[in-house]
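Working notes, beginning with the structure itself.
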Amino acid sequence: MKLINKIYDSMDAAVADISDGSSILFGGFGGAGVAYELILALHRQGAKNISAVSNNPGYHEEGIAKLIAYDRISKLTCSFPNAKDSYVFRQKFEEGKIDLELVPQGTLAERIRAGGSGIEAFFTPTGVGTEIAAGKEEREFNGIPCILEKAIRGDYAFIKAKKADRWGNLVYNKSGRNFNPAMAMAGKITIAEVDEIVEVGELDPETIVTPGIFVQRVVKRSGL
Amino acid sequence: MKLINKIYDSMDAAVADISDGSSILFGGFGGAGVAYELILALHRQGAKNISAVSNNPGYHEEGIAKLIAYDRISKLTCSFPNAKDSYVFRQKFEEGKIDLELVPQGTLAERIRAGGSGIEAFFTPTGVGTEIAAGKEEREFNGIPCILEKAIRGDYAFIKAKKADRWGNLVYNKSGRNFNPAMAMAGKITIAEVDEIVEVGELDPETIVTPGIFVQRVVKRSGL
Amino acid sequence: MDKRLLTREQIAKRIANDLQSGDIVNIGIGIPVLVSNYVGPDAEIIYHSEQGVLGMGKKAKPGEEDPDLVNASKEPVTLVPGGSYSHSADSFAMARGKHIDVAILGGMQVSEKGDLANWKVKGVKLGSIGGAMDIANGAKKVFIAMTHTSKNGDIKIVKELDFPVTALRCVNRIYTDMAVIEVQRDGLVLKEIASGFSVEDVQKVTEPKLIIDEDLKEIQV
Amino acid sequence: MDKRLLTREQIAKRIANDLQSGDIVNIGIGIPVLVSNYVGPDAEIIYHSEQGVLGMGKKAKPGEEDPDLVNASKEPVTLVPGGSYSHSADSFAMARGKHIDVAILGGMQVSEKGDLANWKVKGVKLGSIGGAMDIANGAKKVFIAMTHTSKNGDIKIVKELDFPVTALRCVNRIYTDMAVIEVQRDGLVLKEIASGFSVEDVQKVTEPKLIIDEDLKEIQV
């Protein structure tokens with residue numbers, strides 16, 4: 001019997017096919033729910049000219065800040081680029097080595113969910129009257145001024161979860177959940193870095209947050 | 001200490017303030033996840049000229065079919081109005097006593113989620129080239145033709161869940177979940193009919209499907 | 001050789017042969033419901049059911065029914081290990097967001113461009129859409145299972161639909177009691193033909209001009 | 001009587017007095033963070049944190065930190081009984097969908113129409129929005145906690161913003177070290193005033209003409 005098996009043996013194997021110029025959605029808020037080991041594997045792999053979507057640009061040289069430090073990311077779509085410890089991004093941005101698309105956090109999450117859900121664009125009040133509205137269509141619904149925001153999808157999504165099974169079903173840990181479920185939906189190839197792999201059927205069906213349909217690859221963290 | 005307490009003593013008390021002309025979102029798919037006791041209480045209460053949103057029009061004289069039979073519902077927004085056992089709706093529709101807005105099921109669910117999420121409208125491919133597209137704006141995104149669909153909200157939402165606590169946190173039973181979580185988000189006053197009420201803190205925070213922020217009233221089923 | 005139209009069961013069996021282990025499949029009512037009976041034990045197929053069940057199992061046996069666990073036709077079913085539940089908006093995110101590998105649906109009419117009509121008979125006022133439009137639009141592949149002509153002999157594979165449209169340019173393959181036809185950019189390609197029938201037999205009950213596959217075969221069921 | 005500007009703690013305490021048991025509250029950085037310290041034991045307030053925590057508790061004690069349970073400033077926190085987790089899209093559905101009762105935010109400028117600027121200093125190229133725009137737009141009520149003027153004496157309550165806008169017509173109340181001001185349709189209403197200050201003192205550092213509440217009081221903290 002040919003069983004479904006989305007489990008990869010190593011982080012390196014899971015990211016091996018990512019080519020230059022790919023778009024990647026990176027889960028995480030601050031340091032919570034970040035697929036750190038996948039990001040390190042992508043750094044070793046060397047793909048460049050990546051179009052990245054991530055709520056934060058990484059701190060110090062950790063997370064995607066490492067990819068930015070090595071000029072692997074050419075564009076970042078992000079809500080919070082300018083934190084104190086995000087000096088790597090700030091420097092590269094000032095040097096003109098990375099483009100920024102600044103997006104309000106809720107709009108970012110919703111654009112990603114839309115990308116995974118067959119919604120091509122939506123009207124929302126967030127950003128009306130701000131610099132975020134520049135160049136966007138504005139329209140009123142029931143007297144509420146809104147702007148038109150477009151779906152975001154990725155060639156890949158890098159997800160961090162707590163547990164997975166070989167079907168790719170996922171549960172998360174606390175607020176490590178954050179962007180991960182929406183990004184899992186919007187990645188063409190979603191790769192989940194997980195703390196633990198369990199047997200199919202072990203996860204309570206009522207508590208699965210990301211069903212396996214949204215996940216293509218699963219790798220267990222080494223924790224090193 | 002003034003504790004939060006959303007628990008109502010009876011179905012009748014929970015629906016007492018619903019006035020003629022209210023819009024109500026009714027959870028459920030077929031007979032799964034339908035707030036039958038709340039519907040019966042609303043029938044006793046007598047409110048009429050209700051604008052109802054429900055995936056189905058009820059079967060025989062059960063669920064909202066009972067309200068339709070008594071001419072309490074003046075408009076139904078629905079994806080599957082014409083099932084064999086939905087003869088009450090069919091008859092009232094043919095007699096011109098109830099209006100119908102026919103909506104594809106996924107569009108219906110998404111319009112409701114949008115209503116609860118600060119999304120006023122969205123573009124989606126479902127319905128392009130069909131009678132559903134009549135009168136709606138059509139636009140292409142990335143070569144994908146889409147139509148513009150608008151948010152749905154309700155003055156009330158009638159939700160069926162398995163367990164609740166006094167904060168209104170909810171978990172569901174199996175596919176009884178269906179429309180309930182999205183409708184809970186989109187109801188101005190969301191009333192949950194539940195099998196069981198538990199203490200605050202008993203529900204595992206990782207498994208709460210509808211956080212209490214979306215629920216205003218909770219009533220335990222009598223099961224009679 | 002006798003001309004033998006496929007039975008409903010044989011159409012279902014033929015479709016089952018085209019499913020691959022790991023496919024996530026949405027099954028419509030009618031002939032499609034029969035398909036899972038013919039999926040071999042060496043394939044792990046995950047069934048999606050629109051009301052929020054991924055990993056739908058067999059129908060519930062007497063005594064194990066739960067009114068909150070039903071299929072799209074409201075019959076009590078079971079969940080397989082690895083299955084999960086979603087709310088309706090997320091369940092249709094699966095359908096609309098191109099996450100379902102194959103949707104197997106019934107058809108009233110299919111056009112040569114792959115347009116599908118399957119939700120309402122022509123001229124009728126009240127029809128039910130359910131998930132038909134979302135799923136036909138959103139699935140990666142749409143397989144249509146239907147008789148080649150209607151009960152009263154009307155042609156169902158047509159140049160242009162005259163029944164109410166479900167979705168445009170969505171159908172990939174048509175499996176009938178007479179043929180397997182693939183919808184390609186340049187037209188309808190006749191891939192397989194039921195035992196005893198000629199190309200002419202099929203063409204006679206198919207409005208658009210069929211392209212004959214160079215590797216035309218007899219349907220094996 | 002001495003003119004005594006409120007301390008940051010006193011501003012926070014004054015705001016806490018306006019919260020009601022059962023309120024769902026989102027807390028921004030700066031003075032707002034201090035508010036929860038002054039909520040009395042007889043009120044059950046539910047704190048929303050943008051990254052997907054409803055029912056955020058106190059900061060985690062040493063040893064109980066979990067890197068996956070943090071507040072919006074990335075500090076380790078706890079969850080109260082009854083709390084729950086959501087993904088970011090659902091967490092912001094709470095904010096954008098008008099489900100949060102009160103957002104308590106810092107401010108750089110507030111206009112007489114209730115427009116808010118609090119995400120980026122004027123003239124700076126790189127700023128961070130985070131959840132500021134969604135929350136300011138979406139909360140049922142927005143309370144602004146800030147000093148009445150900037151460190152170098154610039155007026156912050158203005159006729160028209162000249163800092164980058166966060167959201168238009170969103171602010172309900174402004175709590176400063178000098179006054180409590182309500183944004184109403186016809187203008188800014190001075191409701192309360194810090195001990196020792198006169199209406200003229202407040203008007204002098206407030207660009208729009210203030211409407212004086214008939215029931216003007218001294219701020220009690």
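Order of the sequence lines sets the chain letters (A, B, ...), proteins ahead of strands, with each chain counted from 1.
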Is any residue of [range] within less than 4.5 Å of chain D by heavy atoms, and which ones?
{"range": "residues 138-154 of chain A", "result": "none"}
{"range": "residues 52-73 of chain A", "result": "Tyr59(A)"}
{"range": "residues 100-107 of chain A", "result": "Leu100(A), Leu102(A), Val103(A), Pro104(A), Gln105(A), Gly106(A), Thr107(A)"}
{"range": "residues 122-133 of chain A", "result": "Phe122(A), Thr124(A), Pro125(A), Thr126(A), Gly127(A), Val128(A), Gly129(A), Thr130(A), Glu131(A), Ile132(A)"}

Report which part of [X] has an atom under 4.5 Å of a heavy atom belonging to chain A: side chain, backbone, both, or neither.
{"X": "Ser73(D)", "result": "neither"}
{"X": "Asn137(D)", "result": "side chain"}
{"X": "Thr166(D)", "result": "backbone"}
{"X": "Pro164(D)", "result": "side chain"}
{"X": "Asp90(D)", "result": "neither"}
{"X": "Val70(D)", "result": "both"}

Taking every heavy atom of Trp119(D) against every heavy atom of Met133(D), the minimum-distance pair comes out as NE1-CE, 3.7 Å
If I compare all heavy atoms of Ala14(A) with all of Arg217(A), which pair ends up nearest, and what's the gap? O-NH1, 2.8 Å
Looking at Ala132(D), Gly131(D), Ser128(D), which has the largest count of heavy-atom pairs under 4.5 Å with chain A? Ser128(D)
Ranking Ser86(D), Pro67(D), Ser84(D) by heavy-atom pairs under 4.5 Å to chain A gives rank one to Ser86(D)
